[in-house]
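Note sheet for the following structure.
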Amino acid sequence: MRTRFVLAAAPAIACAALTLATGASAQLHDPATPLAVASKVALRGEANSIAVREMRIVRKNDILVVQADMSNMGRTDRTVFYRFKWLDNVGNQVGDGESWKQMSVLGLGQQTVKSVAPTSAAVDLRLEMNVEPR
């Protein structure tokens, strides 16, 4: 009887651990980043007051095009390293991957970044970013 309980509880424990892990990664994003946008952002390290306020994705001539607005919620300037990773319908990376780009976001400022998918096979994306304090 006791063994059944352990086996029955194992999926629940795994689910709880997955929920905690997901919650921990969601806390890395600035609270000003909407959850729908946060699901497209892969942040490396702390957000350091940088929030991705809006992300616009459109398909033009069967190719995905994205624009993302990054806002610096702090008063000090930040250096942001970013790149877009394009994914196909099963989550595999499309293309060779972009190189990292660097930009400065002034204190209380906003910058828009843009990218175009390498092929029409791309159906989703992730914005990978790392924020460094200046």
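Scope of the values below: all heavy atoms of this structure, side chains included, with no hydrogens, waters or symmetry mates.
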>> Quick check: do Gln110 and Val105 have side-chain heavy atoms less than 4.5 Å from each other?
In response: no
> Do Tyr82 and Glu128 come close enough that some side-chain heavy atom pair is under 4.5 Å?
Replying inline: no
> Excluding sequence neighbours, so at least two apart, what forms side-chain contact (heavy atoms from CB on, under 4.5 Å) with Asp96?
Replying inline: none
> Which pair of heavy atoms, one from Val37 and one from Arg53, lies closest together, and at what distance?
Replying inline: CG2-O, 4.5 Å
> Looking at side-chain heavy atoms only, is the closest gap between Arg56 and Val65 below 4.5 Å?
Replying inline: no
>> Any non-hydrogen side-chain atom of Gln93 less than 4.5 Å from a side-chain atom of Lys85?
In response: yes
>> Could you tell me if the side chain of Asn48 sits less than 4.5 Å from the side chain of Met73, heavy atoms only?
In response: no
>> Ignoring hydrogens, what is the shortest heavy-atom contact between Ile57 and Val66? Give both atom names and the distance.
In response: CG1-CG2, 3.9 Å
> Do Gln111 and Leu106 touch side chain to side chain, with heavy atoms closer than 4.5 Å?
Replying inline: no
>> Looking at every heavy atom in both Arg75 and Leu108, which two are closest together, and how far apart are they?
In response: NH1-CD1, 3.4 Å
> Hey, are the side chains of Met129 and Val52 touching, using non-hydrogen atoms and a 4.5 Å cut-off?
Replying inline: yes
>> Among Val131, Asn130, Leu43, exactly one meets side-chain contact (heavy atoms from CB on, under 4.5 Å) together with Ile50. Which residue is that?
In response: Val131
> Does any non-hydrogen side-chain atom of Val116 lie less than 4.5 Å from one of Ile63?
Replying inline: yes
>> Quick one about Gln67 and Asp69 (side-chain donor to acceptor, distance below 3.5 Å, no hydrogens or angles considered), yes or no?
In response: no
>> So does Gly107 get a backbone contact from the side chain of Asp77, meaning a donor-acceptor N/O pair under 3.5 Å?
In response: yes
> Honestly curious: do Trp100 and Leu125 fall in one hydrophobic cluster under the side-chain, below-4.5 Å linking rule?
Replying inline: no
>> Holding to side-chain contact (heavy atoms from CB on, under 4.5 Å), I want the full list of residues that pass it with Glu98, two or more places apart in sequence or in another chain.
In response: Arg83, Phe84, Trp86, Lys101, Ser115
> Which atoms form the tightest heavy-atom contact between Ser120 and Asp62, and what is the distance?
Replying inline: CB-O, 3.1 Å
>> With salt bridge (Lys or Arg N to Asp or Glu O under 4.0 Å) as the criterion, how do Asp124 and Arg126 come out once you've worked through the C-alpha distance, each side chain's angles and the decisive distance to 0.1 Å?
In response: CA-CA 7 Å; Asp124 199 8; Arg126 294 294 177 271; 3.1 Å; yes
>> Tell me the closest heavy-atom pair linking Pro118 and Gly95, and the distance in Å.
In response: CG-CA, 4.3 Å
>> Run Lys40 and Leu127 through side-chain contact (heavy atoms from CB on, under 4.5 Å) and show every step you take.
In response: CA-CA 6 Å; Lys40 303 284 185 199; Leu127 171 59; 5.8 Å; no
